[in-house]
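In what follows, chains carry the letters A, B, and so on, assigned in the order in which the sequence lines appear, proteins first and then strands, with residues in each chain numbered from 1.
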Protein chains: 2
Amino acid sequence: MLSAAKELNYLKSGPASDLKKNRTKTIALLLSDLSGPFYSELIRGVQEIVLENGYDLIAVSSYADESSTAARFLREARTDGVILLAHNINTDFVLNSAREGFPIIALDREVIGNPNIISISVNNSRGAYEATEHLINSGCRSVAHISGPANSKDSQERLAGYKQALADFNTPSLYKWILNGKFTQEGGYEATKMLIHQGDLPEGIFYGNDEMAIGGLNALKEYEIRVPEDISIIGFDDIQLAPYLRPPLTTMRQPKYEIGKLASHVLFQLLAGESVSSHYTFDAELISRESVRLF
Amino acid sequence: MLSAAKELNYLKSGPASDLKKNRTKTIALLLSDLSGPFYSELIRGVQEIVLENGYDLIAVSSYADESSTAARFLREARTDGVILLAHNINTDFVLNSAREGFPIIALDREVIGNPNIISISVNNSRGAYEATEHLINSGCRSVAHISGPANSKDSQERLAGYKQALADFNTPSLYKWILNGKFTQEGGYEATKMLIHQGDLPEGIFYGNDEMAIGGLNALKEYEIRVPEDISIIGFDDIQLAPYLRPPLTTMRQPKYEIGKLASHVLFQLLAGESVSSHYTFDAELISRESVRLF
DNA sequence: CTGTTAGCGCATTCAC
DNA sequence: GTGAATGCGCTAACAG
């Protein structure tokens, strides 16, 4: 009777099944904006490991802050674990969502003291230091920095690395050469225009990420300032577009694929009850293309 | 007592809540590959409407066919509705997953006869016709076509439009000038190399999508065939990279943002019990850049 | 207005 | 082996 019903088009309810089994066999990747096209490498890394372990992967957006889908997935443990790359969810919220058996891997912040939260980050200050150093070593006697939002840890660290390099190489560190570009293309465009209007153009610009560098490139083109003949620029991230820009963008590559793989790998270790380090670090790598003038 | 527990760090279970309420307030966007970077416009459109309606959006991959996450979300109605853009899930499976009160919006196929499944598509054959026509009108006396997978409806229709244009404009239609590039960059590269090795190069190539055109551009560059001086090429989709290619790619733009908005809009109408058309169509639009030589 | 209770649809257990 | 009963953790309905 019941089996007959099953044969002819039985559709089970996922939620009911999850409730009973107390696990979803699903991992959520929490992103600040689903429509941002720059995570594909990371997603690929995560997806590989998640599928390999017989789990499903869903991507969730934290678009509207704490009322967002992502927040709900965190707070209500709608999956068996979570990989967090959503800087607009605040750390207290994350801490309050942590619970036994619900691993959280944070890729965009350092969370200490909670055994259910592991963080993985790239060495931003070091990467920024190298970017700035590269500009200086290739002949720039002055270097500006277009930074990201002040509340972003990535941005703060990159700014710190930049300043350290200026200090170490006796290069002028001027307030007017540090502008906020909000990590967006538009922001990079505006910040670069401001830099140009100030009159005293530096010989190099270190953009806190590639998106802002794209905006910068557009602003520079508008004013017929040639890259790299008149000014050298360097970005951070190595997004997919970087090699296609004119000129191809020199940048600091983040090993996104590797980070994605490690994040999910660690997640499954936690799910299996194994103990892991509370923090992992990767280095960024200089990808030299044509936006920095070499001597 | 219970309220005291709540105050100090109560974490509710999402699955249990969903079960009780019999709705998730979540819409799933089913994509064939989460790491594909070419959906951002569409996602943006969907996200806007979904959030506006107080719902959450999650993105799910159908990476591993019928055993995939996406398939599970369809089959088990894990969300209140679904937007489908996953050609690797077959239509019978979709039909068998349909149920009352679980709207499915199909963006990559035409599904007829089921009131719970609505399809939205672009007029592929017409777009392909226009692409081919554009090549012919700009002076190409011969036009090849690199197509997508044979089982893709999009690909079939684009091929049909191409053939129709050749017929209408008395342009030679040769079997050797229709090659399969699988809708991937690699496939487009290989197909283009084959075309080159055949010796008798056409004056224009219509690629079934932009990704294959990128591969084609690479192959052409390798053989020092100049675009558009030696050969004109046109793509389909207008992906984000298209204007950044060398030369900037002429292509048929799909109104992805608008499609995303309509898809979610229709979904909510269905959820509200309103009746809607069973099928909607958009037109592709010629975006003229520099990969077609103009006379 | 606060406290108790029934039942959502499954998977698992136990009785048969 | 097949079939009925229990309870997962909530929410909504209801009683006090």
Side-chain angles (χ1 to χ4, degrees), chain A residues 1-28 30 53-58 60 66-82 93-104 116 270-273, chain B residues 1-28 30 53-58 60 66-82 93-104 116 270-273:
Chain A
M1 195 69 172
L2 212 109
S3 55
K6 284 195 191 203
E7 270 162 33
L8 192 42
N9 152 291
Y10 167 65
L11 294 171
K12 85 167 154 190
S13 150
S17 166
D18 290 347
L19 172 60
K20 184 64 196 171
K21 299 209 283 204
N22 199 29
R23 45 165 220 175
T24 59
K25 284 216 110 182
T26 302
I27 302 300
L30 273 35
N53 280 273
Y55 271 63
D56 289 324
L57 177 69
I58 67 179
V60 170
E66 244 102 86
S67 64
S68 67
T69 311
R72 206 158 68 97
F73 271 72
L74 250 185
R75 174 64 86 175
E76 302 178 5
R78 294 177 161 274
T79 55
D80 294 353
V82 143
F93 188 93
V94 177
L95 280 166
N96 286 332
S97 302
R99 65 188 84 182
E100 194 50 38
F102 180 60
I104 299 174
N116 300 302
L270 247 21
L271 241 22
Chain B
M1 192 70 172
L2 212 108
S3 54
K6 282 193 193 203
E7 270 162 32
L8 193 41
N9 152 291
Y10 166 66
L11 295 170
K12 84 167 155 192
S13 151
S17 165
D18 290 347
L19 172 60
K20 182 63 193 174
K21 300 211 280 203
N22 200 30
R23 44 164 220 175
T24 59
K25 284 215 115 188
T26 302
I27 302 300
L30 274 35
N53 279 276
Y55 272 62
D56 289 325
L57 176 68
I58 67 179
V60 170
E66 244 101 87
S67 65
S68 68
T69 311
R72 205 158 69 98
F73 271 71
L74 250 186
R75 173 65 86 176
E76 302 178 6
R78 294 178 161 273
T79 54
D80 294 354
V82 142
F93 189 93
V94 177
L95 279 166
N96 287 332
S97 302
R99 64 187 85 179
E100 194 50 38
F102 180 60
I104 299 174
N116 301 302
L270 248 20
L271 240 23

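- Distance Glu76(B) CD to dC8(C) P: 20 Å, rounded to the nearest Å.
- Between Lys25(A) atom NZ and dC10(C) atom C1' the separation is 18 Å, expressed in whole Å.
- The distance from atom CG of Asp18(B) to atom C1' of dA12(D) is 16 Å, rounded to the nearest whole Å.
- Phosphate proximity of dA11(C) to Ser17(A): present, with a side-chain N or O under 4.0 Å from OP1 or OP2.
- Counting to the nearest Å, the C1' atom of dA6(C) and the CG atom of Leu19(B) are 13 Å from each other.
- By the 4.5 Å heavy-atom criterion applied to side chains, Val94(A) and Leu74(A) are counted as neighbours.
- The distance between atom NZ of Lys20(B) and atom C1' of dG9(C), rounded to the nearest whole Å, is 11 Å.
- Contact annotation: Tyr10(B) side-chain N/O to dG9(D) OP1/OP2 distance is not under 4.0 Å.
- A donor atom on one side chain and an acceptor atom on the other are not found under 3.5 Å apart for Thr24(B) and Arg78(A).
- Judged by distance alone, the side chain of Ser97(A) and the main-chain N or O of Phe93(A) form a donor-acceptor pair under 3.5 Å.
- Arg23(A) has its CZ atom 12 Å from the P atom of dA11(C), to the nearest Å.
- In this structure, the NZ atom of Lys21(A) is 21 Å from the P atom of dC8(C), given to the nearest Å.
- At a cut-off of 3.5 angstrom, counting only N and O atoms as typed in the model, there is no donor on one side facing an acceptor on the other between the side-chain of Lys12(A) and the base of dG9(C).
- We find the OG1-CG distance between Thr26(A) and Asp80(A) to be 6.5 Å, quoted to the nearest 0.5 Å.
- Atom CG of Asn22(B) is separated from atom P of dA6(C) by 21 Å (rounded to the nearest Å).
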